[in-house]
Colleague: 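Have a look at this one.
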There are 2 protein chains.
Amino acid sequence: MMKITPMTQSLVLHFGEMGSRWGLNRTLGQMYAVIVLTEAPLNADQISEALQISRSNVSMGLKELKSWNLIKLQHIPGDRKEYFSAPSDIWEIARTLVVERRKRELDPTLSTLRDALMEQPSNESDEYAQVRVQQMHDLMEMVTLWTTEMQGMSSEKLSALLKLGEGISKILDVKDKLLLR
Amino acid sequence: MMKITPMTQSLVLHFGEMGSRWGLNRTLGQMYAVIVLTEAPLNADQISEALQISRSNVSMGLKELKSWNLIKLQHIPGDRKEYFSAPSDIWEIARTLVVERRKRELDPTLSTLRDALMEQPSNESDEYAQVRVQQMHDLMEMVTLWTTEMQGMSSEKLSALLKLGEGISKILDVKDKLLLR
DNA sequence: CTGAATTTTCAGTAATTTGTGAAAATTGTA
DNA sequence: TACAATTTTCACAAATTACTGAAAATTCAG
């Protein structure tokens with residue numbers, strides 16, 4: 001029997017609503033919320049019961065969460081079921097989210113933009129379109145580089161970077177001096 | 001008569017498909033593509049014709065794009081229609097996109113997380129949930145700070161920051177030295 | 001190997017989201 | 001101010017996406 005406290009309940013509902021804005025969907029959002037907020041690994045039946053959704057829906061949801069690399073499978077001795085948990089390090093989750101979203105939101109577009117740049121512009125409006133495509137391409141490529149960088153960063157480093165906050169401006173101002181030493 | 005070249009056409013279709021992954025939807029993606037890729041400002045009828053969608057759908061789409069601050073309204077002398085264009089600076093578009101997505105994807109959650117933190121944990125599992133909530137909260141708050149920072153940055157500065165790429169690691173390593181001078 | 005436990009798939013249905021045309025509201029000019 | 005041009009709204013229809021139960025496939029203990 002999988003009981004859920006009122007606090008978790010309201011968080012689960014909220015994550016469900018946000019799920020769709022996050023490129024997932026309601027159920028996926030709810031599922032991940034309950035997994036993240038529960039210390040012990042959960043099996044499909046527990047999730048199904050906690051969220052009052054069908055077992056088959058949970059199965060599909062888990063498949064999706066696996067494809068996002070957001071959950072870890074583990075086995076519990078003496079139990080044949082599969083148990084799932086989220087990484088305990090929140091930074092690892094964030095890193096994964098950024099990288100996976102980039103794969104889904106940027107990579108395909110980057111490839112289409114490159115294709116468009118290879119084409120011969122047929123008139124003035126194509127020429128203008130290509131200028132814009134080039135700008136978008138360059139920007140997206142930079143973002144991609146950053147996410148790759150992020151992927152390889154330790155949680156400590158990532159945290160330090162994010163903590164910089166407004167400090168980043170200051171650092172940018174003096175970066176040249178700094179790197180020349 | 002609003003003609004669309006094959007190159008623009010294929011880009012429009014791609015942006016349509018990506019639209020949903022980008023928190024918009026197909027039509028919104030297509031609409032923004034045609035606006036961004038066309039040098040001259042467009043009116044609703046032109047968009048409707050170019051994309052073969054109803055005039056009323058365009059009206060709703062424009063409303064949505066306005067709410068995202070992604071388009072600029074302008075008038076053409078002697079013409080009563082409203083014309084729309086995208087910012088010519090691609091960095092401005094990127095900045096807007098980041099800020100607006102934060103508003104929609106992070107802000108509401110941040111508020112829910114804060115609510116959860118105010119509550120008194122009723123048992124051990126709530127205590128664990130609150131730990132996780134705290135971690136998420138702190139992380140999201142840092143991201144929020146960054147986007148605020150971004151919002152105030154000039155395109156030049158933003159571009160320079162993004163160009164850093166892998167340089168960011170190096171800079172982080174020596175940041176303390178740098179700031180102490 | 002066998003078969004019970006468990007997970008996955010999938011066709012059909014339910015729910016949600018998106019798009020349309022007609023009508024209402026607004027705008028701006030004569 | 002009147003009215004034609006233009007934009008917006010909204011009830012309904014169309015399209016898409018998500019969910020379910022039943023059946024198929026897989027897994028693993030004995």
Side-chain angles (χ1 to χ4, degrees), chain A residues 1-2 12-13 15-35 41-68 71-85 104-105, chain B residues 2 12-35 41-68 71-85 104-105:
Chain A
M1 173 213 41
M2 177 69 191
V12 161
L13 289 180
F15 274 71
E17 279 171 27
M18 297 305 287
S20 23
R21 301 200 188 176
W22 270 91
L24 313 170
N25 64 40
R26 183 156 40 86
T27 307
L28 231 52
Q30 292 188 353
M31 283 181 57
Y32 204 53
V34 81
I35 291 172
L42 298 176
N43 65 44
D45 287 320
Q46 292 175 306
I47 297 170
S48 164
E49 194 194 348
L51 303 180
Q52 305 276 43
I53 59 180
S54 73
R55 182 47 240 268
S56 57
N57 199 2
V58 172
S59 178
M60 295 190 297
L62 288 171
K63 185 180 175 185
E64 189 88 2
L65 289 176
K66 280 177 213 159
S67 85
W68 278 79
I71 49 174
K72 297 191 292 190
L73 165 66
Q74 52 205 127
H75 282 285
I76 288 189
D79 192 335
R80 219 166 125 181
K81 292 199 172 77
E82 297 187 318
Y83 285 78
F84 297 91
S85 60
R104 290 162 170 80
E105 299 180 0
Chain B
M2 177 70 191
V12 161
L13 289 180
H14 177 82
F15 274 71
E17 279 171 28
M18 297 305 287
S20 22
R21 302 199 188 180
W22 270 90
L24 313 172
N25 65 40
R26 184 156 40 85
T27 308
L28 232 52
Q30 293 188 353
M31 283 181 60
Y32 203 54
V34 80
I35 292 172
L42 298 176
N43 66 44
D45 287 319
Q46 291 174 307
I47 297 170
S48 165
E49 194 193 348
L51 303 179
Q52 305 277 43
I53 59 180
S54 73
R55 182 49 241 267
S56 58
N57 200 1
V58 172
S59 178
M60 294 192 296
L62 288 171
K63 185 182 175 184
E64 189 88 2
L65 288 176
K66 280 176 214 160
S67 85
W68 278 80
I71 49 176
K72 297 191 292 190
L73 165 65
Q74 53 205 126
H75 282 286
I76 289 188
D79 192 334
R80 224 166 120 177
K81 291 200 174 75
E82 297 187 318
Y83 284 78
F84 298 90
S85 60
R104 290 163 171 80
E105 299 180 1

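In what follows, every chain begins at residue 1, and chains take the letters A, B, ... in the order their sequences are listed.
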Colleague: Would you say B/Lys66 reaches D/dT8's phosphate, i.e. side-chain N/O to OP1/OP2 under 4.0 Å?
Modeller: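 Yes.
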Colleague: Select one nucleotide: of D/dT20, C/dT6, C/dT20, the one nearest the side-chain heavy atoms of A/Lys81.
Modeller: C/dT6
Colleague: Apply side-chain contact (heavy atoms from CB on, under 4.5 Å) to the pair B/Ile47 and B/Leu62, showing each step before the final yes or no.
Modeller: CA-CA 10 Å; B/Ile47 297 170; B/Leu62 288 171; 4.2 Å; yes
Colleague: Over how many whole Å does the gap from A/Leu73 atom CG to C/dT6 atom C1' extend?
Modeller: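 Result: 13 Å.
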Colleague: At their closest point, which heavy atom of B/Glu105 faces which heavy atom of A/Trp22, and how far apart are they?
Modeller: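 So the minimum-distance heavy-atom pair works out to O-NE1, 3.2 Å.
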Colleague: If you go through the side-chain atoms of A/Arg80, does one of them form a donor-acceptor pair with the base of D/dT27 closer than 3.5 Å?
Modeller: yes
Colleague: Nearest whole Å is fine: how far is C/dT16 C1' from A/Leu28 CG?
Modeller: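 Rounded to whole Å, this separation is 17 Å.
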Colleague: Whole angstrom is fine here: how far is it from CD in A/Glu17 over to P in C/dT17?
Modeller: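 Computing the A/Glu17:CD to C/dT17:P distance gives 11 Å.
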Colleague: Whole angstroms only, please: what is the CE-P distance between A/Met60 and D/dT17?
Modeller: 14 Å
Colleague: Need to verify one output field. Residue with the more 5' nearest nucleotide on DNA chain D, A/His75 or A/Thr27?
Modeller: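 Closer to the 5' end of DNA chain D: A/Thr27.
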Colleague: Roughly how far, to the nearest 0.5 Å, is CD of A/Glu64 from OH of A/Tyr32?
Modeller: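 Here the interatomic distance stands at 13.5 Å.
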Colleague: Can you measure B/Phe84 atom CZ to D/dT6 atom P for me and round it to whole angstrom units?
Modeller: 14 Å
Colleague: Quick check on DNA chain D: between A/Ser56 and A/Asn25, whose nearest nucleotide comes earlier from the 5' end?
Modeller: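 Per heavy-atom nearest nucleotide, the more 5' residue is A/Asn25.
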Colleague: Roughly, in whole Å, what's the span from CG in A/Leu65 to P in C/dT8?
Modeller: 12 Å
Colleague: Quick check: any donor-acceptor pair below 3.5 Å linking the side-chain of B/Ser54 to the base of C/dG19?
Modeller: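 Counting by modelled atom types and ignoring angles, no donor-acceptor contact under 3.5 Å is found here.
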Colleague: Can you tell me if A/Lys63 touches the phosphate of C/dT9, counting only side-chain N or O atoms and a distance under 4.0 Å to OP1 or OP2?
Modeller: yes
Colleague: Which residue, A/Glu82 or B/Asn57, contacts DNA chain C at a nucleotide closer to its 5' end, judged by nearest heavy atom?
Modeller: A/Glu82
Colleague: If you measure from CZ on B/Phe15 to CD1 on B/Ile35, what distance do you get to the nearest 0.5 Å?
Modeller: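 One gets 12.5 Å once the value is rounded to the nearest 0.5 Å.
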Colleague: With heavy atoms under 4.0 Å as the rule, sort A/Ile53 into base, sugar-phosphate or nothing.
Modeller: sugar-phosphate
Colleague: Please report the distance, rounded to the nearest Å, between CD1 in A/Ile47 and P in D/dC19.
Modeller: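 Those two atoms, CD1 and P, are 14 Å apart.
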Colleague: Check the phosphate of D/dT7 against B/Arg55, side-chain N and O only, distance under 4.0 Å to OP1 or OP2. Yes or no?
Modeller: yes
Colleague: Restricting to non-hydrogen atoms, name the atom on B/Gln46 and the atom on B/Leu42 that form the minimum distance, rounded to 0.1 Å.
Modeller: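 Residues B/Gln46 and B/Leu42, closest heavy atoms: OE1-CA, 3.3 Å.
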Colleague: Assuming nearest nucleotide by heavy-atom distance, tell me which of A/Arg26 and A/Asp45 is located more 5' along DNA chain C.
Modeller: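 Nearer the 5' end of the strand: A/Asp45.
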Colleague: Starting at atom CD of B/Glu64, determine the distance to atom C1' of D/dT8, rounded to an integer number of angstrom.
Modeller: 15 Å
